Amino acid sequence: MTFGGFLFFMSRNNIYDLIVAGGGAAGFFGAVNYAARKKYAKVLIAEKSQKLLAKVAVSGGGRCNVTHQCFDAAELVKYYPRGGKELLQAFHRFQPRNTVEWFESRGLKLKTETDGRMFPVTDSSQSVIDVLMYEAEKYEVEITTGLNIATIEKENGLFALNAGEEVLHCKNLLIACGGFPKKAGYNFIEEPGIKIIDPVPSLFTFIVEDKALTTLPGISVSEAEVGCSLLKQKFRGPLLITHQGLSGPAILKLSAFGAREFFNAQYVFTLHINWMGGMSEEEIRTILVQLKNTHEKKNAANARPERFSQRLWIYFLMKAGIGEETRWADTGGKQLNKLIALLYRFEVAVNGKNTFKEEFVTAGGVDLKEVDFRSMESKKIPGLYFAGEILNIDGVTGGFNFQSAWTTSWIAAQHMV
Ligand SMILES: Cc1cc2nc3c(=O)[nH]c(=O)nc-3n(C[C@H](O)[C@H](O)[C@H](O)COP(=O)(O)OP(=O)(O)OC[C@H]3O[C@@H](n4cnc5c(N)ncnc54)[C@H](O)[C@@H]3O)c2cc1C
C-alpha cells in the first residue's frame, strides 16, 4: 500500500518454517512432503498466477504422464539431456518406483502404457491434482494465489520475500517456479547471486522444406535414425511426417539433446535420416537386391520393404528416378544406388521448429553447480532450495520431467525437515 508517496509493505505477522515459491508439481510435492514429516510447521505455497498445478492439469493431453516405468537409476538418467549426471544419486533416493508407491499409498493407482509412460488409472490429471490438494489440506499447508515472489533477501538468518505489497518471512525457502522462456524471468534468483544458464526451448518438432514429403502427413515409420552435423549423437525411434515437417519420438529426442545447438543455429540446418532404423548401406543393399530378385515382374511401387507405407515408398522411388509403373526388372544400377543412398542417408533442410502438442520444456535455469544434490540446497545460501524445472534439468517426453520434479522436491523436503 502507498502512504505519503512512499511504498510501505504489509508484513504477515508470522514467520513461516517454509515458503514454497510456485504452486506447480515440484512446489506441491515439496510442501506436502515437508509438512507431513514436520508436525505443526507453518508452510506456505505462494503461487503467482490464479491457477494451481496448471501444467499437471494439461500434461499428457489432460491425463498427466506422472512418471515412466524405468526403475533402474543408471538407465533412467539417459533420458535427461541436461541433469542426468546430477540426478543419478538423487534417483537412488527417490525414483519412479517411489513415485508409484507415493501415489498408490494415497489411493491413486497408476498404469503403464506400452511405451513405458505411466498415467493414473482414471486417465485424468484431476486425480493427481486431487491427491496433492488433499495432502496439502491434511497437513494444513497455506496456499495463496496471486503472490509473485519478486525479490529475495536474507537478513538475520531469515528470508525476506517481497511479493507485491507484502513481505513474507521464512526460515527455509524452496524455489519451484518452473522454467522461464527469457533470462529476465530468473532475475529474482540471479540477484542474490545464483548463476543462471540461459534458457532455450527443448522438445520440439522440425519444420522442413520438402513439399512432396509434407503432403504425406500422418505417415510414420516405426524405427528411423536421425542426426545432423550439429550433433555427434544419433537417435532412433518412430518418425512421423506432419503437415509442416517431422515429429515423433526420434525427432523429439534429437530436439532435446540438441536444444542449445539448434537454438544457436536458429533452427536452420540439414537433417539426416536413416529410414531403415540405422542399418548399414550394405544391409540396405542386400534387402533391396533381394526384393528386386524376388519381385522382378512386379512394379517397384507394389513390392516394397514392409516398414514403408505405399505412399512413402512411391515418394522414395520418385526421388530415385523410378517411375510408379517401372518393373523391378527394369530398374538400373544407378537408380538402385540412388534409392539405397536415400534410405541410408536422406538429407532434408530444416527451417524452423514447432511445439509438440503444446508440450514444451525449458533447457537452462539454475546452474547445477550451485546446488548440492544430496539436499537440493544452494551451496552459497543456506536454507535456499531448488526443485523442478527451475533447475537446468530437462528430460525427453514420457514422464521424465515430472519425475525430476518429484525427486528434487522430495529430497529438498527431507533435508529441510
Ligand atoms: C502442455 C505441457 C505438457 C506436458 N506434458 C508432460 C508430460 O506428459 N510428462 C512430463 O514429464 N512433463 C510434461 N510437461 C513438463 C512438465 O509439466 C513440467 O516439467 C513440470 O510441470 C515442472 O513442474 P514445476 O513445478 O517445476 O514447474 P511448473 O509446473 O511450471 O510450476 C511452477 C509454478 O511457479 C509459478 N511461479 C513462477 N514464478 C513465480 C514467482 N516468482 N512467485 C510465485 N510463483 C511463481 C508458476 O506460475 C507456476 O505455477 C509438460 C509441459 C507442458 C507445458
Side-chain angles (χ1 to χ4, degrees), residues 19-32 44-68 70 76 79-80 82-83 96 99 110 113 115-120 123 125 128-129 132 143-152 161-164 166 168 173-182 184-191 199 201-204 252 256 355-363 365-366 376 385-410 412:
I19 291 182
V20 177
F28 264 80
F29 209 66
V32 300
L44 171 73
I45 296 177
E47 166 55 48
K48 91 171 165 188
S49 74
Q50 293 304 326
K51 203 145 186 253
L52 299 164
L53 296 162
K55 284 196 196 164
V56 172
V58 296
S59 73
R63 297 195 299 144
C64 189
N65 178 193
V66 179
T67 185
H68 201 92
C70 177
L76 187 60
Y79 294 91
Y80 293 86
R82 284 148 291 271
T99 305
L110 303 184
E113 309 235 309
D115 58 4
R117 291 179 303 157
M118 301 194 78
F119 293 89
D123 273 333
S125 308
V128 179
I129 294 173
L132 294 170
I143 301 170
T144 310
T145 55
L147 212 52
N148 182 13
I149 307 296
T151 62
I152 302 168
L161 313 178
N162 179 345
E166 274 195 88
L168 307 166
L173 173 61
L174 173 61
I175 306 281
C177 296
F180 299 95
K182 298 237 166 73
Y186 297 88
N187 280 352
F188 72 109
I189 309 170
E190 209 170 17
E191 271 159 22
S202 182
L203 283 186
F204 42 84
L252 292 169
T355 51
F356 164 67
K357 297 184 190 168
E358 304 310 315
E359 178 171 348
F360 57 87
V361 170
T362 306
V366 171
M376 300 315 298
Y385 295 79
F386 299 99
E389 213 181 306
I390 190 85
L391 293 156
N392 182 23
I393 294 180
D394 57 279
V396 298
T397 186
F400 302 101
N401 289 298
F402 277 127
Q403 185 55 51
S404 158
W406 311 132
T407 297
T408 50
S409 56
W410 184 88

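Only heavy atoms go into these numbers, but all of them, side chains included; no hydrogens, no water, no symmetry mates. Both ligands and their constituent atoms are indexed starting at 1 by order of listing. This one's a predicted model, so the numbers in the text were calculated from it and none came from an experiment.
By the ring pair (Phe, Tyr, Trp, His ring centres under 6.0 Å) test, Phe402 pairs with Trp406, sequence neighbours left out. When the ring pair (Phe, Tyr, Trp, His ring centres under 6.0 Å) test is applied to Phe180, the partners found at least two apart in sequence or on another chain are Tyr186.
Remark: distances from the non-hydrogen atoms of Leu147 to ligand 1 include one below 4.0 Å. Ligand 1 is never approached by Phe29 to a heavy-atom distance shorter than 4.0 Å. Note on ligand 1: Ala54 sits outside its first shell, no heavy atom being nearer than 4.0 Å.
Remark: among candidates Ile149, Leu161, Ile19, Thr355, the nearest residue to atom 42 (N) of ligand 1 is Ile149, based on non-hydrogen atoms. Of the candidates Thr408, Ile175, Asn65, Asn65 brings a heavy atom nearest to atom 8 (O) of ligand 1. Of the options Lys55, Met118, Lys48, Lys51, the smallest heavy-atom separation from atom 29 (O) of ligand 1 is shown by Lys55. Looking at Ala25, Ala387, Ser59 and measuring to atom 5 (N) of ligand 1, the nearest heavy atom belongs to Ser59.
Within the 4.0 Å heavy-atom criterion, the part of Ala176 lying near ligand 1 is the backbone and not the side chain. The part of Phe180 lying near ligand 1 is the side chain, judged by heavy-atom distances below 4.0 Å. Only the backbone of Ala46 comes within 4.0 Å of ligand 1, counting heavy atoms alone; no side-chain atom from C-beta on gets that close.
A heavy-atom distance below 4.5 Å is not found between the side chains of Arg117 and Thr397. You'll find the side chain of Leu174 stays beyond 4.5 Å of the side chain of Ile19, heavy atoms only. At least one side-chain heavy atom of Glu166 sits under 4.5 Å from a side-chain heavy atom of Leu147. The shortest side-chain heavy-atom distance between Leu53 and Phe28 falls under the 4.5 Å cut-off.
For the pair Gly388 and ligand 1, the shortest N or O to N or O distance does not fall below 3.5 Å. Not one N or O of Gln403 is nearer than 3.5 Å to an N or O of ligand 1, by distance alone.
In this structure, atom 11 (O) of ligand 1 lies nearest to the protein heavy atom Phe402 N, 2.9 Å.
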Given the rule in the side-chain hydrogen bond (donor to acceptor under 3.5 Å, both in side chains) test, do Thr67 and Gln403 qualify, once you have shown the distances and angles that lead to the verdict? CA-CA 5 Å; Thr67 185; Gln403 185 55 51; 2.7 Å; yes
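The aromatic rings of Phe400 and His68 lie parallel to each other, their planes meeting at an angle below 30°, with 60° marking the opposite boundary.
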